[in-house]
*Asks:* 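Have a look at this one before I ask anything.
Counting begins at 1 with the first residue of the sequence.
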Amino acid sequence: RAGGLLDSAERKAVHTSGPETKSIDLDKIFAGGSDSNPTLKDGDTVYINKATYQVTVMGAVNKPGSYPWFEGLTLAEVIAQAGNVVEMGDMEAINIVSRDGTVESYNLKDYIEDGIKKANPTLRTGDLVIVSTVRAIDWEFIFFFVRGLNAIKDFLDIQW
């Protein structure tokens with residue numbers, strides 16, 4: 001009765017009936033292979049969100065945030081849009097979390113230095129790109145530890 005879905009509509013709907021709320025996979029319903037097509041009752045609501053065509057970049061980049069997604073967008077392209085990886089960013093351990101919750105790790109350095117194409121995957125709408133930082137030496141902790149050892153050495157009057 002609503003006239004169908006817009007091209008920009010999400011392929012999932014939220015159905016609320018009284019105190020119960022369920023997620024509905026519209027593609028399954030339209031394909032006719034789903035028995036999860038609910039019968040609506042008076043007072044029920046069905047909400048279909050506008051699909052978001054973007055990729056979010058977080059972590060050790062200069063401009064973290066959400067960027068427009070387009071067909072064929074690659075990891076290297078979205079990292080460039082995010083202002084590239086910061087000095088302490090780890091190009092060898094970039095994680096991509098997809099909308100279904102799967103996590104894959106990529107070494108973008110392999111693509112940049114050696115042209116290995118599988119290290120520069122094509123992204124999907126809704127992907128979350130996380131750039132980790134390289135583990136740095138914590139010099140403050142090391143100096144604190146050495147001072148502590150020296151204090152113990154002096155207290156016990158040990159020579160080394």
Side-chain angles (χ1 to χ4, degrees), residues 1-138 140-141:
R1 289 185 189 171
L5 293 176
L6 298 174
D7 289 338
S8 62
E10 187 72 51
R11 305 309 292 177
K12 299 238 185 255
V14 176
H15 171 226
T16 303
S17 182
E20 188 176 331
T21 300
K22 291 182 183 178
S23 178
I24 302 169
D25 186 334
L26 297 174
D27 287 330
K28 286 183 180 177
I29 290 174
F30 293 145
S34 174
D35 53 307
S36 65
N37 189 357
T39 302
L40 300 178
K41 297 179 271 190
D42 190 29
D44 284 5
T45 60
V46 176
Y47 180 75
I48 302 171
N49 199 6
K50 183 176 179 181
T52 56
Y53 297 103
Q54 59 187 9
V55 172
T56 302
V57 182
M58 296 175 53
V61 292
N62 286 302
K63 297 185 293 184
S66 292
Y67 295 90
W69 174 86
F70 54 87
E71 193 71 39
L73 177 68
T74 64
L75 178 59
E77 290 170 327
V78 80
I79 292 293
Q81 287 182 26
N84 293 317
V85 176
V86 298
E87 185 177 336
M88 293 302 294
D90 190 354
M91 299 263 296
E92 297 178 16
I94 297 177
N95 291 316
I96 299 175
V97 182
S98 64
R99 294 177 89 179
D100 65 5
T102 58
V103 179
E104 295 183 42
S105 188
Y106 293 92
N107 182 344
L108 192 58
K109 191 174 181 182
D110 283 348
Y111 172 73
I112 293 170
E113 292 181 357
D114 301 324
I116 299 172
K117 293 198 184 277
K118 71 177 184 176
N120 184 28
T122 300
L123 300 173
R124 296 173 299 206
T125 182
D127 280 351
L128 171 62
V129 176
I130 303 171
V131 180
S132 303
T133 56
V134 177
R135 290 197 179 265
I137 297 172
D138 187 349
E140 186 176 333
F141 174 76

*Asks:* Enter the distance from Asn37:CG to Leu26:CG here, rounded to the nearest 0.5 Å.
*Replies:* 9.5 Å
*Asks:* So which heavy atom on Ile130 is nearest to which on Val97, and how close?
*Replies:* CD1-CG2, 4.1 Å
*Asks:* In Å and rounded to the nearest 0.5 Å, what is the CD1 to NZ distance from Ile116 to Lys109?
*Replies:* 12.0 Å
*Asks:* For a quick test of reading the model, state the closest non-hydrogen atom pair linking Tyr106 to Ala119 and the distance between them.
*Replies:* CB-O, 4.1 Å
*Asks:* Would you say Lys12 and Asp25 make side-chain contact, with heavy atoms under 4.5 Å?
*Replies:* yes
*Asks:* With a 4.5 Å cut-off on side-chain heavy atoms, are Leu75 and Tyr111 touching?
*Replies:* no
*Asks:* Which heavy atom of Asn62 sits nearest a heavy atom of Val85, and at what distance?
*Replies:* ND2-O, 4.4 Å
*Asks:* Search all heavy atoms of Ser132 against all heavy atoms of Ala93 and return the closest pair with its distance.
*Replies:* OG-O, 3.7 Å
*Asks:* Provide the closest heavy-atom pair for Val46 versus Ala13 in the form atom of the first, atom of the second, distance.
*Replies:* CG1-CB, 4.0 Å
*Asks:* Please round to the nearest 0.5 Å and tell me the distance separating atom CG of Leu108 and atom CD1 of Ile79.
*Replies:* 6.5 Å
*Asks:* Asp127 and Ser98: side chain to side chain donor-acceptor pair (under 3.5 Å), yes or no, with the steps?
*Replies:* CA-CA 5 Å; Asp127 280 351; Ser98 64; 5.0 Å; no
*Asks:* When rounded to the nearest 0.5 angstrom, what is the spacing between OG1 in Thr56 and CH2 in Trp69?
*Replies:* 14.0 Å
*Asks:* To the nearest 0.5 angstrom, please state how far the CG atom of Leu123 sits from the OG1 atom of Thr125.
*Replies:* 10.0 Å
*Asks:* Apply side chain to side chain contact (heavy atoms under 4.5 Å, CB included) to the pair Leu5 and Phe30, showing each step before the final yes or no.
*Replies:* CA-CA 11 Å; Leu5 293 176; Phe30 293 145; 3.4 Å; yes
*Asks:* Is there a side-chain contact between Ser105 and Asn95 in this structure, where contact means two heavy atoms from C-beta onward sitting under 4.5 Å apart?
*Replies:* yes
*Asks:* Run the side chain to side chain donor-acceptor pair (under 3.5 Å) check on Glu20 and Ser17 step by step: do they pass?
*Replies:* CA-CA 5 Å; Glu20 188 176 331; Ser17 182; over 6 Å; no
*Asks:* Return the minimal non-hydrogen interatomic distance between Thr133 and Ala60, and the atom names on each side.
*Replies:* CG2-CB, 3.7 Å
*Asks:* Between Leu40 and His15, is there a side-chain heavy-atom distance shorter than 4.5 Å?
*Replies:* yes
*Asks:* Would you give the length of the straight line joining atom CD of Glu71 to atom OG1 of Thr122, rounded to the nearest 0.5 angstrom?
*Replies:* 8.5 Å
